[in-house]
Novice: 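This is the structure, below, for whatever I ask next.
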Protein chains: 2
Amino acid sequence: MKWTYIEDISNFKDKEVEIRGWVFNKRSSGKVRFLLIRDGTGLIQGTSFSSKTDDPLFKKFDTRTQESSLIVRGRVKEEKRAPGGFELTIKDVEILQVADEYPITPKAHSTPFLMEHRHLWLRSQKQHAILQIRTELIKAIRDFFDDRGFRLMDTPILTPSACEGTTTLFETDYFDQKAFLSQSGQLYNEATAMAFGKVYCFGPTFRAEKSKTRKHLIEFWMVEPEVAFATLEDITELGEDLVVYIMERILEQNKKELEVLERDTKPLERIKKPFPRLTYDEAQKMLKKKGSKMEWGDDFGAPEEALISEIFDLPVSITHFPAKIKAFYMQPDEKRPELALGVDVLASEGYGEIIGGGQRIHDLDLLEKKIKEFKLPREDYEWYLDLRKYGSVPHSGFGLGIERMLAWICKIKHIRETIPFPRLLNKIYP
Amino acid sequence: MKWTYIEDISNFKDKEVEIRGWVFNKRSSGKVRFLLIRDGTGLIQGTSFSSKTDDPLFKKFDTRTQESSLIVRGRVKEEKRAPGGFELTIKDVEILQVADEYPITPKAHSTPFLMEHRHLWLRSQKQHAILQIRTELIKAIRDFFDDRGFRLMDTPILTPSACEGTTTLFETDYFDQKAFLSQSGQLYNEATAMAFGKVYCFGPTFRAEKSKTRKHLIEFWMVEPEVAFATLEDITELGEDLVVYIMERILEQNKKELEVLERDTKPLERIKKPFPRLTYDEAQKMLKKKGSKMEWGDDFGAPEEALISEIFDLPVSITHFPAKIKAFYMQPDEKRPELALGVDVLASEGYGEIIGGGQRIHDLDLLEKKIKEFKLPREDYEWYLDLRKYGSVPHSGFGLGIERMLAWICKIKHIRETIPFPRLLNKIYP
């Protein structure tokens, strides 16, 4: 573009630049006027001097309300005390629009109010920082898989059948057929993994869950790798590597944003391999000792996840779950078929499950049996069964939820702030 | 992973490796057996020698049907005549599964048959090459925007209102409210552009179009940049830069795949700036001269796009369209308000529109007028109008359809081969 972005300002020391942005803040002090400008990539302070206190320039300054849009020309000056290390000596200001009284002021607003104004709230420093980290998080994940030779395979959103039950599915009419919004690309990527060896999909997924928690979005993004020939052990390793890689990248690239969020980064810096690994059996016994009421066969709830966080200060990988609490496609343990070769990785600091995955059934007969057992319509799964007829191999994969990962990184309480326009129970505006 | 992928084989010259994959082909010649192995990342030929023609090893060889899965151990041997430059001297073969008779044979199959077997068809060389290029194409696009400081903003799929009309929308029930599957992230990214300066979204979009053409998918992926302060001129430049960047990357990174597709790359190598630029007026007059029946005010159809391709051997940018054939949010031309500041980029070789975009209305009154004129429900657009109250600025963006771009790059006739699991009129399986 023909103007300069604030994030690039250090390349223009002592040079004239044109900044295009919005009034973030302003103040006066005698013969000086200070204008804090934001352009979406950063903040910079511009100063105007005048010996005359009734200078028309100063009058113009007074009209500039918060979020007014403007084009500012001036000289870049090094200033060690300034947040970014630079200031702007303003030569000229062109006001594009004097903003109406901006609804989001420094005073505290209620969450419903902020959510109704999500389209403006995004401009606030904290929200800006969270979504800036989101951008880097997604880039880090893509780089992780691309650098390891994974092929991106975009799996369909509109699907004729349900991957994991039908109660939480959005339904739509597909030219007089029923179709559902996908909750996972896994089944499809079991097919592409047989064609490309190692693949991942990365797209939006949908759960019409009628629960109102701090951890659930109706629409969220998930990355799902799938690897032909990989075992539970291989995929657990891959998931742990991914978490470590993400943390290194974010700590390196997003210092500024983590500061804005006042995130204590020590718990994140600590995240190195090996992660503690527990079987479900071990975890259940340990929780029982700590006073949990969880019985063998129960799934982990939020209190159990919190308890595990208290015991370990690293993410924890839990494997070998009771088969009956896991999906139909999970490979049973050879020695104890009542166990499924699944893995969940729980974040530290009480953030709970971020990764869920495991090894898939590769034996045709066993998969057919499971499809019957789970009362799934076989005709929908013919193609999925084909994968077990034509060169079936052990294979594994997992899903990592982007918004949960981001909530943990930013240590924010509610997942609704981790996506530009959250979709929540009964909430679809703006 | 603990085994070697064929694409990395050149690092293992004269070393022992373990390859895990599938039988792509095999043949016998006296005392030698040749096994062509595919592992999703490449192909390699393995050879087994034996002085005894009744060697049990050879018997085992004969059982290996096409697509049987196996683990092969052997020594990597440089072999200039081999396609990848290397061969494998087989020491040991472990068969995981002898595949059933594989339905896709070298003989020609009907398209409906192949589409029914899409989950297996993906393993065929041509389909593999197309989707391999898709992976690189998407990576190139993301790198282009990331390197230029654009922030990725995932816009919602579930939306309460229609962006460009309601006739082609998929509808679903959202907790007793109506919701629609998004056809564009643009409106939302006009909000994020005001918060982040320059942004892009990249996700699936949906059109319930009852047309059966070679250019339409029901579900397709689109990248949409949006830039605060950018004009029609700026965004046209950006779109052209993107096309040039993509071509350079694909020609550099996907030589092998373009060869598999027998793509004549000359028309792609030619793609450099400047692209021919025409106003709609100029284009319409030129078409008329060439015998087209298109009148002023009509949109370009497939025949018109083909005609333009015959005149120019580069992509063509067309700007300044009649406002009445464009969306409500398009900025009118200052001097001739019956024109909209839109831009379409047409691919060369008859592939038609790949980019559509333009400058958006930034004036509140004008936008309100347009919303009335187009009979849109104002309450759905309150937040969108807000963007014109609080620091409105000129801004522009465009959308590029991934599958159309890919069809052109690969020069394939039908867009259905450009996505792993295409969704077509009445077609949602597998």
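Naming convention: chains lettered A, B, ... in sequence-line order (proteins, then strands); numbering from 1 in each chain. All figures in this text were calculated on a predicted structure; none of them were measured in a lab.
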Novice: Given heavy-atom pairs under 4.5 angstrom as the criterion, report whether the side chain, backbone, both or neither of B:D173 touches chain A.
Specialist: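 Backbone only.
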Novice: Give a yes or no on whether the backbone of A:Y390 and the side-chain of B:E67 come within a donor-acceptor separation of less than 3.5 Å.
Specialist: no
Novice: Looking at side-chain heavy atoms only, is the closest gap between B:H119 and A:D386 below 4.5 Å?
Specialist: yes
Novice: Examine whether an atom of A:Q177 lies under 4.5 Å from a heavy atom of chain B, and if so say whether it belongs to the side chain, the backbone or both; otherwise answer neither.
Specialist: side chain
Novice: Working to the nearest 0.5 Å, report the span between CG of B:D146 and CZ of A:R142.
Specialist: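 Here the interatomic distance stands at 9.5 Å.
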Novice: Between A:L120 and chain B, with a heavy-atom cut-off of 4.5 Å, which part of the residue counts as in contact: side chain, backbone, both or neither?
Specialist: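 It is the side chain, since no backbone atom gets that close.
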Novice: I need the B:Q97 CD to A:R388 CZ distance, nearest 0.5 Å.
Specialist: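 So the gap between those two atoms works out to 10.5 Å.
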Novice: Measure from NZ or CZ of A:K210 to the centre of the six-membered ring of B:F175, then state whether that distance is under 6.0 Å and the direction lies within 45° of the axis.
Specialist: no
Novice: Search all heavy atoms of B:W22 against all heavy atoms of A:A228 and return the closest pair with its distance.
Specialist: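 Minimum heavy-atom separation between B:W22 and A:A228: CH2-CB, 3.8 Å.
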Novice: Does the A:T172 side chain pair with the main chain of B:T172, one donor and one acceptor, at a distance under 3.5 Å?
Specialist: no
Novice: Donor-acceptor pair, distance only, cut-off 3.5 Å: does the side chain of A:Y174 make one with the backbone of B:F170?
Specialist: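 Checked: no pair found.
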Novice: With a 4.5 angstrom heavy-atom cut-off, is it the side chain or the backbone of A:F206 that approaches chain B, or both, or neither?
Specialist: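 The answer is the side chain of A:F206.
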Novice: Which residues pass the salt bridge (charged side-chain N to carboxylate O under 4.0 Å, His left out) test with B:E382, not counting sequence neighbours?
Specialist: B:R378
Novice: So which part of B:E101 gets closer than 4.5 Å to some heavy atom of chain A, the side chain, the backbone, both or neither?
Specialist: backbone
Novice: Mind checking salt bridge (charged side-chain N to carboxylate O under 4.0 Å, His left out) for B:D241 and listing every partner two or more places apart, or none if nothing turns up?
Specialist: B:K273
Novice: Can you say whether the rings of B:F421 and A:W383 are parallel (under 30°), tilted (30 to 60°) or perpendicular (over 60°)?
Specialist: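 B:F421 and A:W383: tilted rings.
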Novice: Taking all non-hydrogen atoms of both residues, which atom of B:R38 and which atom of A:A195 are closest, and how far apart?
Specialist: NH1-O, 3.6 Å
Novice: Please flag which part of B:L238 lies under 4.5 Å from any non-hydrogen atom of chain A: side chain, backbone, both or neither.
Specialist: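 Just the side chain, heavy atoms under 4.5 Å.
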Novice: If we define contacts as heavy-atom pairs under 4.5 Å, which of A:V227, A:T155, A:V98 has the most with chain B?
Specialist: A:V227
Novice: Are any of the side-chain heavy atoms of A:D154 and B:R134 separated by less than 4.5 Å?
Specialist: yes
Novice: Please work out whether the ring planes of A:W3 and B:F229 are parallel, tilted or perpendicular, with thresholds of 30° and 60°.
Specialist: perpendicular
Novice: Are the side chain of B:R151 and the backbone N or O of A:Q132 linked by a donor-acceptor pair below 3.5 Å?
Specialist: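 Not confirmed, B:R151 side chain does not pair with A:Q132 backbone.
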Novice: With a 4.5 angstrom heavy-atom cut-off, which part of A:L181 approaches chain B: side chain, backbone, both or neither?
Specialist: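 Only the side chain of A:L181 comes within 4.5 Å of chain B.
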Novice: So, A:R423 side chain and B:P156 main chain: donor-acceptor pair closer than 3.5 Å or not?
Specialist: no
Novice: Side-chain contact test, heavy atoms from C-beta onward, threshold under 4.5 Å: evaluate it for A:I157 versus B:E219 and give yes or no.
Specialist: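 Yes; the side chains approach each other to less than 4.5 Å.
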Novice: Using the six-membered ring of B:Y102, assess whether NZ or CZ of A:K389 lies under 6.0 Å from its centre and within 45 degrees of the ring axis.
Specialist: no
Novice: So, B:S69 side chain and A:S392 main chain: donor-acceptor pair closer than 3.5 Å or not?
Specialist: yes
Novice: Which bit of B:Q125 comes within less than 4.5 Å of chain A, counting heavy atoms only: side chain, backbone, both or neither?
Specialist: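 Neither; nothing under 4.5 Å.
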Novice: Give, as side chain, backbone, both or neither, the part of A:I428 having an atom under 4.5 angstrom from any heavy atom of chain B.
Specialist: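 Contact with chain B involves both backbone and side-chain atoms of A:I428.
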Novice: By a 4.5 Å heavy-atom criterion (distance strictly below it), what part of A:I235 contacts chain B: side chain, backbone, both, or neither?
Specialist: neither
